[in-house]
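This report refers to the structure that appears directly beneath it.
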Amino acid sequence: MVKPFDEVLTSVADVEGWMSPDQARRLYDAARTAAPGQRIVEIGSFRGRSMIVLASAAEPGVELVAIDPHAGNDRGPQEIEGFVAEAQDDHAVFNRNLAAAGVADRVRHVRSFSDAALVDVPGSVQVLYVDGAHRFAPARADIRDWGNRVEPGGTMLIHDSFSSVGVTLAILRELMWSSQWRYVGRARSMTEYRRDLPAGLGAKVTNALRQLAQLPWFVKNLGIKVLMSAKLGGLLSKVTGRPAEWPY
Ligand SMILES: C[S@@+](CC[C@H](N)C(=O)[O-])C[C@H]1O[C@@H](n2cnc3c(N)ncnc32)[C@H](O)[C@@H]1O
């Protein structure tokens, strides 16, 4: 059964993760566009926060695939390697959280790296959510290789866009000057792209400019990250009058 958005948001309130409520709304609305028989794929599921939103919004008959090796790499901000024990917990908690939300039966978990999962999960995708490894090379490969699986008119959402360096460079390389992906907008760092860019140079240039317009926000995010990494978050909140927050 499809749950109303507010109920879904409440159901993930205690599930750890970095997805904000406005980003949950984007995921929810994207999942609603998938018809029975179509497929939603998430790369990077962690403890299930975003997958619960996708699975709770999707119509019965939509296939849901969560790809996450739970191997201890690229686990979260500044957790790139060496988190194997924590990832074992993530795996157990992921299963528990999906069961508690009543969506465990709907989701196929592929416990592989996203490049290997291309073989495990054949066929096309209606909605793709990219939130796995945030370094340039794997993020670029996800956008390119999994993005190629998205049907015309389908949607790709990418977390940590214009906030993580690797993801942003991957976007600039693969999507800024694309002939197929139209930039729709973003909820904080979650960008939304539609595979329906009209043909022609004008559409391409407009699309590139709309993405380049996000770069000042990217620079601001980098500044916040540098200050917070240097333990200067207190100074930042004094200047802005708000608690310093890692940008997502
Ligand atoms: C930022 S977390 C995902 C958060 C999740 N989308 C949410 O909102 O709750 C990143 C996840 O990506 C996974 N990951 C890392 N490298 C990956 C890869 N190459 N393919 C798929 N998942 C990967 C990690 O195990 C981790 O659980």
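All of these numbers come straight from a predicted model, not from anything done at the bench. Computed over heavy atoms, backbone and side chain alike; hydrogens, waters and symmetry mates excluded. Just follow the structure's listing: the first ligand is 1, and inside any ligand the first atom is 1.
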Report task. Could you tell me whether Asp131 and ligand 1 have an N or O pair separated by under 3.5 Å? Result -> yes

Query raised in the report: Does Tyr129, backbone or side chain, put an N or O under 3.5 Å from an N or O of ligand 1?
Result: no

Closest non-hydrogen atom pair between [X] and [Y], with its separation:
| X | Y | result |
| --- | --- | --- |
| Val110 | Val65 | CG2-CG1, 3.8 Å |
| Leu197 | Ala203 | CD1-O, 4.0 Å |
| Gly166 | Ala139 | O-CB, 4.5 Å |

Quick one: which ligand 1 atoms are inside 4.0 Å of a heavy atom on [X]?
| X | value |
| --- | --- |
| Ile43 | 21 (C) |
| Asp74 | 10 (C), 11 (C), 12 (O), 15 (C), 16 (N), 24 (C), 26 (C) |
| Arg49 | 9 (O) |
| Phe46 | 2 (S), 3 (C), 4 (C), 5 (C), 27 (O) |
| Ser45 | 5 (C), 9 (O) |
| Ile67 | 21 (C), 22 (N) |
| Trp18 | 1 (C), 2 (S) |

Heavy atom to [atom], shortest distance: which of [options] holds it?
| atom | options | answer |
| --- | --- | --- |
| atom 22 (N) of ligand 1 | Pro69, Ser20, Gly48 | Pro69 |
| atom 11 (C) of ligand 1 | Leu54, Asp142, Asp68 | Asp68 |
| atom 16 (N) of ligand 1 | Ile80, Asp160, Asn73 | Asn73 |

Query raised in the report: Is it the side chain, the backbone, both or neither of Arg75 that has a heavy atom closer than 4.0 Å to ligand 1?
Result: backbone

Closest non-hydrogen protein atom to [atom], residue and atom name please, with distance?
| atom | result |
| --- | --- |
| atom 8 (O) of ligand 1 | Ser50 OG, 3.0 Å |
| atom 19 (N) of ligand 1 | Phe113 CD2, 3.4 Å |
| atom 17 (C) of ligand 1 | Ala133 N, 3.8 Å |
| atom 20 (N) of ligand 1 | Ser114 N, 3.0 Å |

Query raised in the report: Taking the side chain from Gln23 and the backbone from Ala187, do they hold a donor-acceptor pair closer than 3.5 Å?
Result: yes

Requested in this report: Give a yes or no answer on whether the side chain of Arg188 reaches the backbone of Asp160 with a donor-acceptor pair at less than 3.5 Å.
Outcome: no

Query - Short N-O contact, Glu63 and Arg106, less than 4.0 angstrom - result: no

**Report entry** Check ion pair Asp68-Arg111 (N to O, under 4.0 angstrom)
**Finding:** no

Query raised in the report: Should the ring pair Tyr28 and Phe5 be called parallel, tilted or perpendicular, given that the plane angle runs from 0 to 90° and is split at 30 and 60?
Result: perpendicular

Query - Full working for salt bridge (Lys or Arg N to Asp or Glu O under 4.0 Å) between Asp22 and Arg26 - result: CA-CA 7 Å; Asp22 50 344; Arg26 287 252 170 189; over 6 Å; no

Query raised in the report: For residues Glu42 and Ser50, is any side-chain donor paired with an opposing acceptor at under 3.5 Å?
Result: yes

Report task. Please confirm whether His159 and His134 have ring centers closer than 6.0 angstrom. Result -> no

